[in-house]
Amino acid sequence: MIRLLLENFQIAVTAIVGGKIRALLTALGIVIGILSVTLMGTLISGLDQSFEKSMSFLGRDVFFLSRFEWFGGQEWWEVRNRPKFKLDYVDKLKEQGKRIETVAPVMERGLDVSRGEESVVGVRIFGTTPEYQRTTVVNIKHGRFITEGEVRSGSRHAVIGWDIADGLFGNENPIGKDIKLGNHRFTVIGVVEKQGKFLGLFSLDNQVVIPIGTYQRLFARRGWMRMNVKVDADHVNEAEDEVRGIMRRLRGLHPQEKDNFAINRQEAFRKQYNMIKYAIGGTGIFITVLSLLVGGIGIMNIMFVSVKERTREIGVRKAIGATRNMILGQFLLEAVLICVLGGAIGMGLAWGASFFIDKFIPSTMPVWLAIISVSLSVVVGVIAGLIPSYKAANMNPIEALRYE
Amino acid sequence: MSTLISLKNIRKIYTVGLEKVHALDGVDLTINHNEYISVMGPSGSGKSTLMNMIGCLDTPTSGQYEFEGELVHKMDDNQLASIRNRKIGFVFQTFNLLPKLTALHNVELPLIYANVIRKERLKKAREALEKVGLQDRMHHRPNELSGGQRQRVAIARALVTNPAIILADEPTGNLDSKSGDEIMQVLDSLFELGNTIILVTHEEYIAKHAHRTINLFDGKISKDTRTK
């Protein structure tokens, strides 16, 4: 049986090599189909990787309380007139929320950071408390993070991101050295390790963290404040209800009034992301199915032609003892081989393209995708080849031999 | 001499439109081992149908066909394929070689379906080609061979499985008289070596090579004469 398969393989290779261009053109649909499925898969797996990496900065168990919904459809003026957050919410949330583990207030603005002649423009300045470290990923590479004491005293200490350390200090150790945030002198107490970009949008290494008291005193007494609230990871949804309740009480809202604050969660990003992902995936699958369908019909057509052309050959083979199944296998294998060939070309192209995509989104073609592609090619080959092969297998040898 | 083939009251009826055509109308025929038979008759007499029947390419509408004790009239497609492979060698008027394969691979083909290992196949194919005097043309494709050489490749292919019978359907029909004579010499020598040969022909002088001539007319055997 295996021997026969090998023979059929040889016959198929001979037939395909004999009609190179025809086979190649026929396989074009399969090439495009496999190209689109692998490209889409590669893209999505790359996006997934960078998305998950970015999401690790927004913990699943952390709420981001703010005046704005991240992906809101609210009236702009309604949002704009919402009351601001106050620093005393922090303690009240901590006291009243059973499922709240910690709360970190955050104020943020853009500013240029300089040291002597060197400067880094458009740096994000964060004013916060030591609790901030517990609500997001901040791995200190050198030195330390800000302390409770520094928050209370409003000292001029700063923790700087990797790019700033690199830009202003190069190979020097920045700890204990002075920098200027705008016009204000600060002493560097820590450097955060390299974190990369958030969703490829903005750099997480272009940030400076200072005590919130200092921030309010120097940069914005009024400014907007938001809060990172870390909650019990096992009861995230209950915690959301709790936080909403506390906030409504703090704001003195009547039951029929709408929230005038937003509780943002990672979920919001996830929803948005999934929409994008499904859009890409849906389009990819649509193109794939369409081109595989067209490709499959093409293969079926060429197999009908091949069977017709080789009617006499089929007659001869039957006369000298080939059974129905042997003939069926011969043509089926030929169809599958054309498809796999097309699939391999498509995969090769996608593999090449993945290097190009890699420049924008980190992406490598996953192995499972290659396996799926090959299987898909085989399936298309079998389906497309079945009817023509069946026709060949059931030819009457006498008539086939007489065919001109 | 032992019985090789026995046909008893074989009928083959085709329906063409509303008309029923009796291609074979009660044929009784016994063929022994190592016979050399020619089948003659005008076109439409049932020659081809009889050859297809004997060659196990077709089954009778009614009647019994025994081939070395195997009941061919009861066989299904796979069994027919198997008996063709094991017991019958075909030689066609138009050679019917596969154009993309070399002489050697053409001859090897029946052994592939007999599930013989490659080494053994090639050895037997070479031997068969030597028997028909084509040892120096083994790696040529059909289009690089003359008509007579092609037919010799076809004979080698028919021989390679060591079949019980060789069926030659107008083997010289597409050849000039010189090549035709050569082919007949090959068939004669195969008979001398102990093979059973059935020859379908129009030509009286070709039929004379055989030792027994069967004449068909209207689907019936009209004459069965032993000439040698």
Side-chain angles (χ1 to χ4, degrees), chain A residues 1-23 305-334 337 389-404, chain B residues 12 14 23 48-49 51-53 55-59 75-102 105-121 141-142 154 156-161 163 167 169:
Chain A
M1 197 61 218
I2 288 170
R3 195 172 306 141
L4 196 74
L5 200 73
L6 234 98
E7 292 306 328
N8 276 340
F9 187 77
Q10 267 183 4
I11 295 167
V13 168
T14 319
I16 292 167
V17 170
K20 278 170 228 141
I21 297 190
R22 193 168 79 180
V305 172
S306 182
V307 166
K308 195 91 188 161
E309 277 178 352
R310 287 150 76 189
T311 301
R312 244 165 192 273
E313 176 187 329
I314 295 163
V316 173
R317 287 182 186 276
K318 285 199 147 190
I320 62 176
T323 61
R324 239 178 240 219
N325 287 342
M326 291 169 183
I327 300 289
L328 186 82
Q330 176 190 332
F331 283 94
L332 215 50
L333 195 71
E334 188 177 317
L337 222 57
S389 306
Y390 188 75
K391 198 179 151 201
N394 282 320
M395 272 185 187
N396 180 333
I398 300 167
E399 282 163 24
L401 278 169
R402 227 181 271 146
Y403 182 82
E404 290 299 329
Chain B
K12 183 72 190 182
Y14 295 108
S48 302
T49 309
M51 286 304 273
N52 291 336
M53 202 66 70
C56 302
L57 286 165
D58 207 351
T59 46
M75 286 184 175
D76 64 20
D77 260 17
N78 285 339
Q79 288 169 315
L80 288 172
S82 164
I83 196 167
R84 287 198 296 269
N85 184 248
R86 288 177 288 123
K87 305 251 159 133
I88 297 161
F90 288 96
V91 178
F92 303 97
Q93 180 178 0
T94 51
F95 324 133
N96 279 333
L97 300 174
L98 301 193
K100 282 179 184 165
L101 301 183
T102 62
H105 288 308
N106 262 295
V107 175
E108 180 197 9
L109 217 50
L111 297 175
I112 289 173
Y113 296 119
N115 212 10
V116 177
I117 60 164
R118 188 181 170 82
K119 211 178 134 191
E120 188 72 17
R121 275 193 330 243
R141 294 200 181 167
R157 181 179 65 190
L159 276 178
V160 77
T161 51
L167 294 179
D169 189 357

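Quick note on labels: first sequence line is chain A, next is B, and so on, each numbered from 1.
Neither the backbone nor the side chain of A:Arg310 comes within less than 4.5 Å of any heavy atom in chain B. Heavy atoms closer than 4.5 Å to chain A are found in both the backbone and the side chain of B:Ile117. For B:Leu98, the part sitting under 4.5 Å from any heavy atom of chain A is the side chain, from C-beta outward, and nothing else. In this structure, chain A has a heavy atom under 4.5 Å from the backbone of B:Val116, while its side chain stays farther away. Of the two parts of B:Asp77, only the side chain, counted from C-beta on, holds a non-hydrogen atom closer than 4.5 Å to a non-hydrogen atom of chain A. Heavy atoms closer than 4.5 Å to chain A are found in the side chain of B:Arg157, but not in its backbone.
Nearest heavy atoms, A:Ile320 versus B:Asn85: O-ND2, 2.8 Å. Closest non-hydrogen pair, B:Tyr113 versus A:Gly321, comes out as CB-O, 3.8 Å. Minimum interatomic distance between A:Pro397 and B:Leu57 (heavy atoms only, all atoms of both residues): CB-CD2, 3.7 Å.
Chain A forms more heavy-atom pairs under 4.5 Å with one residue of B:Gly89, B:Pro99, B:Pro110 than with any other, namely B:Pro110. In terms of heavy-atom pairs under 4.5 Å with chain A, the best-connected choice from B:Leu101, B:Leu109, B:Asn96 is B:Asn96. With chain A as the partner, the residue from B:Ala158, B:Gly55, B:Ala81 showing the most heavy-atom pairs under 4.5 Å is B:Ala81.
For A:Asn325, the side-chain hydrogen bond (donor to acceptor under 3.5 Å, both in side chains) criterion is met by no residue, not counting sequence neighbours. Remark: B:Asp58 engages B:Lys12, B:Tyr14 in a side-chain hydrogen bond (donor to acceptor under 3.5 Å, both in side chains) (not counting sequence neighbours).
To the nearest 0.5 angstrom, A:Arg312 atom CZ is 11.0 Å from B:Leu97 atom CG. Taking CE from B:Met51 and CD1 from A:Ile398, the interatomic distance works out to 12.0 Å, rounded to the nearest 0.5 Å.
Checked by atom type, the side-chain pair A:Arg324/B:Asn78 shows no donor-acceptor distance below 3.5 Å.
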TODO: I would like to know whether A:Met326 and B:Ile112 meet side chain to side chain contact (heavy atoms under 4.5 Å, CB included); could you show each step before the answer?
DONE: CA-CA 11 Å; A:Met326 291 169 183; B:Ile112 289 173; over 6 Å; no

